[in-house]
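Structure record follows, encoded as structure tokens.
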Amino acid sequence: MDTCRELEPSHIFVPGPIIVGAGPSGLAVAACLSNRGVPSVILERTDCLASLWQKRTYDRLKIHLPKHFCELPLMPFPKNFPKYPSKQQFISYVESYAARFNIKPVFNQTVEKAEFDAVSGLWNVKTQDGVYTSTWLVVATGENAEPVVPDIPGLKKFTGSVVHTSAYKSGSVFANRKVLVVGCGNSGMEVSLDLCRYNALPHMVVRNSVHVLPRDFFGLSTFGIAMTLLKWFPLKLVDTILLLLANSTLGNTDHLGLRRPKTGPIELKNVTGKTPVLDVGAISLIRSGHIRVTQAVKEITKNGAKFVNGQEIEFDSIILATGYKSNVPYWLKDNSFFTKEGMPKTPFPNGWKGEEGLYTVGFTRRGLSGTAFDAVKIADDIKDQWMKSNGPLSSRNICSSHIIHLHFNKS
Ligand SMILES: Cc1cc2nc3c(=O)[nH]c(=O)nc-3n(C[C@H](O)[C@H](O)[C@H](O)COP(=O)(O)OP(=O)(O)OC[C@H]3O[C@@H](n4cnc5c(N)ncnc54)[C@H](O)[C@@H]3O)c2cc1C
Ligand SMILES: NC(=O)C1=CN([C@@H]2O[C@H](COP(=O)(O)OP(=O)(O)OC[C@H]3O[C@@H](n4cnc5c(N)ncnc54)[C@H](OP(=O)(O)O)[C@@H]3O)[C@@H](O)[C@H]2O)C=CC1
Ligand SMILES: O=C(O)C(=O)Cc1c[nH]c2ccccc12
């Protein structure tokens with residue numbers, strides 16, 4: 001009988017919120033809660049913090065907004081970090097952040113299902129090992145939870161290697177190879193640039209229009225300029241200024257095959273989530289012919305690709321720089337707060353709070369600055385409820401330990 005009981009999933013009651021995901025967003029909420037005297041538990045599917053950064057990004061990656069726009073609440077980046085920290089520096093910052101707030105996620109816990117039980121008024125969160133129950137559920141699984149792998153006609157026939165950018169580390173294995181890079185967002189541009197540095201021959205597919213802005217303009221970040229201008233001027237005017245600035249540094253990019261959308265770059269980001277490319281060198285490599293721009297792919301063949309203009313080129317490898325998607329619809333059940341794409345229906349700045357103790361962090365389409373905004377709001381909101389039900393004294397006692405596990409077997 002004992003064996004039988006052990007086979008039952010363990011059931012854990014969490015006094016504070018359950019946070020799903022130990023990326024920057026989940027950690028930021030846990031830190032803000034801890035700072036307000038509220039304990040929490042983070043469930044993370046991988047074995048590390050910030051797994052997107054540690055496991056699914058390329059070596060050359062640097063943050064592309066100045067560091068003060070990417071800071072998590074309560075702890076700035078070290079002063080000696082450069083304006084655009086490297087991936088390794090960002091990871092070390094996140095690790096120090098977790099250590100500073102004594103955040104210890106429960107690793108290797110993939111949330112398979114989360115459901116609100118109207119009778120008990122509690123959230124039941126199921127992982128492969130058991131069920132965690134709490135009054136509050138914070139969704140922190142990210143806008144980039146799963147790679148988008150499009151169903152391109154003929155892709156299965158291709159005999160060379162096919163990788164998504166989430167599995168690409170560096171161009172070292174592609175030297176002298178002809179590589180088709182599908183997609184021209186920040187990933188497609190930066191991977192194409194990296195391939196050039198390793199003497200590979202990238203061809204980048206641009207099937208649509210795209211905004212490319214210089215990352216910096218006379219020593220000032222374009223993003224910083226945009227944020228400052230937005231304090232004073234309407235969005236459309238700011239976009240017009242950004243485009244003037246882009247044309248003055250990058251020139252007209254139309255003849256390179258990079259047509260601009262009709263909607264301005266920041267408006268487009270706000271409305272559709274499509275991030276403008278912040279150029280870190282790809283444009284000059286396109287201009288010099290090192291990165292070739294191609295039209296949309298019609299179909300992939302055994303050894304190459306046919307394009308919509310009738311051109312056919314042979315390739316050794318294909319890299320899919322086709323972006324990412326949320327995975328919330330796979331595991332959050334019966335919820336009307338999210339769209340079928342797994343993004344909150346309510347736009348920024350009101351997308352952080354749902355019904356019945358549901359919260360979301362990091363779904364603002366505003367990168368890490370959106371994360372910081374959400375995290376503070378969520379922690380303030382939960383703290384008010386926590387104080388009402390627990391009172392200041394009990395909160396002080398409980399918080400000496402960040403995570404509270406009350407293990408018991410379901411029987
Ligand atoms: C290549 C790249 C570069 C970027 N650079 C910048 C930048 O310079 N500046 C910026 O502001 N933003 C940038 N971003 C945006 C990025 O979204 C943020 O940097 C940041 O990682 C978001 O943090 P997050 O915690 O919301 O999501 P993530 O970092 O994706 O963390 C989510 C966590 O949830 C876990 N998880 C997912 N599903 C489950 C589940 N079912 N159960 C348990 N755990 C789960 C994941 O394993 C992951 O650890 C970049 C994104 C990419 C892809
Ligand atoms: N240094 C940094 O900080 C970096 C930041 N990032 C960030 O990570 C996030 C994800 O960026 P990224 O990975 O570039 O993804 P994006 O979603 O920004 O871009 C995806 C690209 O793939 C194209 N695409 C999608 N499906 C297809 C298809 N079936 N056929 C052809 N093309 C297709 C899209 O074209 P279309 O527009 O036509 O749909 C688009 O060009 C962004 O927020 C970005 O800013 C990424 C890299 C570096
Ligand atoms: O890097 C990203 O993906 C971001 O979302 C950061 C970001 C938020 N708003 C922007 C506007 C222009 C360029 C990058 C961003």
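From a predicted model like this one, the values you see are computed outputs, not experimental measurements. In listed order, ligands and their atoms are each counted from 1.
Among A321, G23, S25, the residue whose heavy atom sits closest to atom 24 (P) of ligand 1 is S25. Scanning H211, M227, K269 for the heavy atom closest to atom 5 (O) of ligand 3 points to K269. Looking at A321, G185, S187, G273 and measuring to atom 22 (O) of ligand 2, the nearest heavy atom belongs to A321. Counting heavy atoms only, P276 comes closest to atom 12 (C) of ligand 3 of the residues P276, C70, S221. Evaluated by nearest non-hydrogen atom to atom 38 (O) of ligand 2, the leading choice among H164, R60, M189, R207 is R207.
Of the heavy atoms in P150, only side-chain atoms (C-beta onward) come closer than 4.0 Å to ligand 2. Residue L65 does not touch ligand 2, judged by heavy-atom distances below 4.0 Å. Both the backbone and the side chain of T141 come within contact range of ligand 1, each with a heavy atom under 4.0 Å.
For ligand 1, the atoms closer than 4.0 angstrom to any heavy atom of S51 are 46 (C), 47 (O), 48 (C), 49 (O). The distance from ligand 2 to the heavy atoms of Y58 drops below 4.0 Å at these ligand atoms: 47 (C), 48 (C). Atoms of ligand 2 lying under 4.0 Å from any heavy atom of G183, numbered from 1 in the order shown and given with element: 21 (C), 22 (O), 23 (C), 41 (O). Taking every heavy atom of N144 and a limit of under 4.0 angstrom, the matching atoms of ligand 1 come to 15 (C), 16 (C), 17 (O), 51 (C). Shown in contact with V182 at under 4.0 Å from a heavy atom are these atoms of ligand 2, numbered in order with element: 30 (N), 31 (C), 32 (N). Below 4.0 Å from some heavy atom of K62 lie the following atoms of ligand 2, by number and element: 1 (N), 2 (C), 3 (O). Close contacts of ligand 2 with N208, meaning ligand atoms under 4.0 Å from a residue heavy atom, involve 38 (O). Within ligand 3, counting atoms from 1 as listed, the ones closer than 4.0 Å to a heavy atom of L65 are 6 (C), 7 (C), 14 (C). For ligand 2, the atoms lying closer than 4.0 Å to a non-hydrogen atom of L61 are 1 (N), 2 (C), 4 (C), 48 (C).
For the pair N327 and ligand 1, the shortest N or O to N or O distance falls below 3.5 Å. Taking only nitrogen or oxygen atoms, main chain and side chain alike, L52 does not reach within less than 3.5 Å of ligand 1. Among the atoms of V361, none of the N or O lies under 3.5 angstrom from an N or O of ligand 1. Inclusion of R365 in the set of residues having an N or O under 3.5 Å from an N or O of ligand 3 is not warranted. When only interatomic distances are considered, the shortest N/O to N/O separation between W53 and ligand 1 falls below 3.5 Å.
Looking only at heavy atoms of the protein, atom 10 (C) of ligand 2 is closest to Y324 CD1, 3.9 Å. Among all protein heavy atoms, the one lying closest to atom 15 (O) of ligand 2 is G323 CA, 3.2 Å. Annotation: atom 29 (O) of ligand 1 to nearest protein heavy atom, P24 CD, 3.4 Å. Of the protein's non-hydrogen atoms, E44 OE2, 2.7 Å is the one closest to atom 47 (O) of ligand 1. The single protein non-hydrogen atom nearest to atom 11 (O) of ligand 1 is L368 N, 2.7 Å, given as residue, atom name and distance. When hydrogens are left out, the protein atom nearest atom 44 (N) of ligand 1 is R45 N, 3.1 Å; that is the closest non-hydrogen contact. Counting protein heavy atoms only, atom 1 (C) of ligand 1 is closest to T57 CG2, 3.8 Å. G21 CA, 3.2 Å is the protein heavy atom nearest to atom 34 (O) of ligand 1. Regarding atom 41 (N) of ligand 1, its nearest protein heavy-atom neighbour is V111 O, 3.1 Å.
Each of V182, L180, L320 was scored for a side chain to side chain contact (heavy atoms under 4.5 Å, CB included) with V162, with one residue passing: L320.
Using a 4.5 Å heavy-atom threshold, the side chains of T301 and E312 count as touching.
Other residues, nucleotides and ligands place no more than 12 heavy atoms under 6.0 Å from the NZ atom of K340.
Look at H64 and you'll find a heavy atom under 4.0 Å from some atom of ligand 1. For the ligand labelled ligand 1, residue Q109 lies inside the 4.0 Å heavy-atom shell. Under a 4.0 Å heavy-atom criterion, C70 is in contact with ligand 1. Residue contacts with ligand 1 leave out F69, since none of its heavy atoms falls under 4.0 Å from the ligand.
Contact annotation for atom 8 (O) of ligand 2: protein absent (non-hydrogen atoms, distance under 4.0 Å). Counting only heavy atoms, the protein gets under 4.0 Å from atom 28 (C) of ligand 2.
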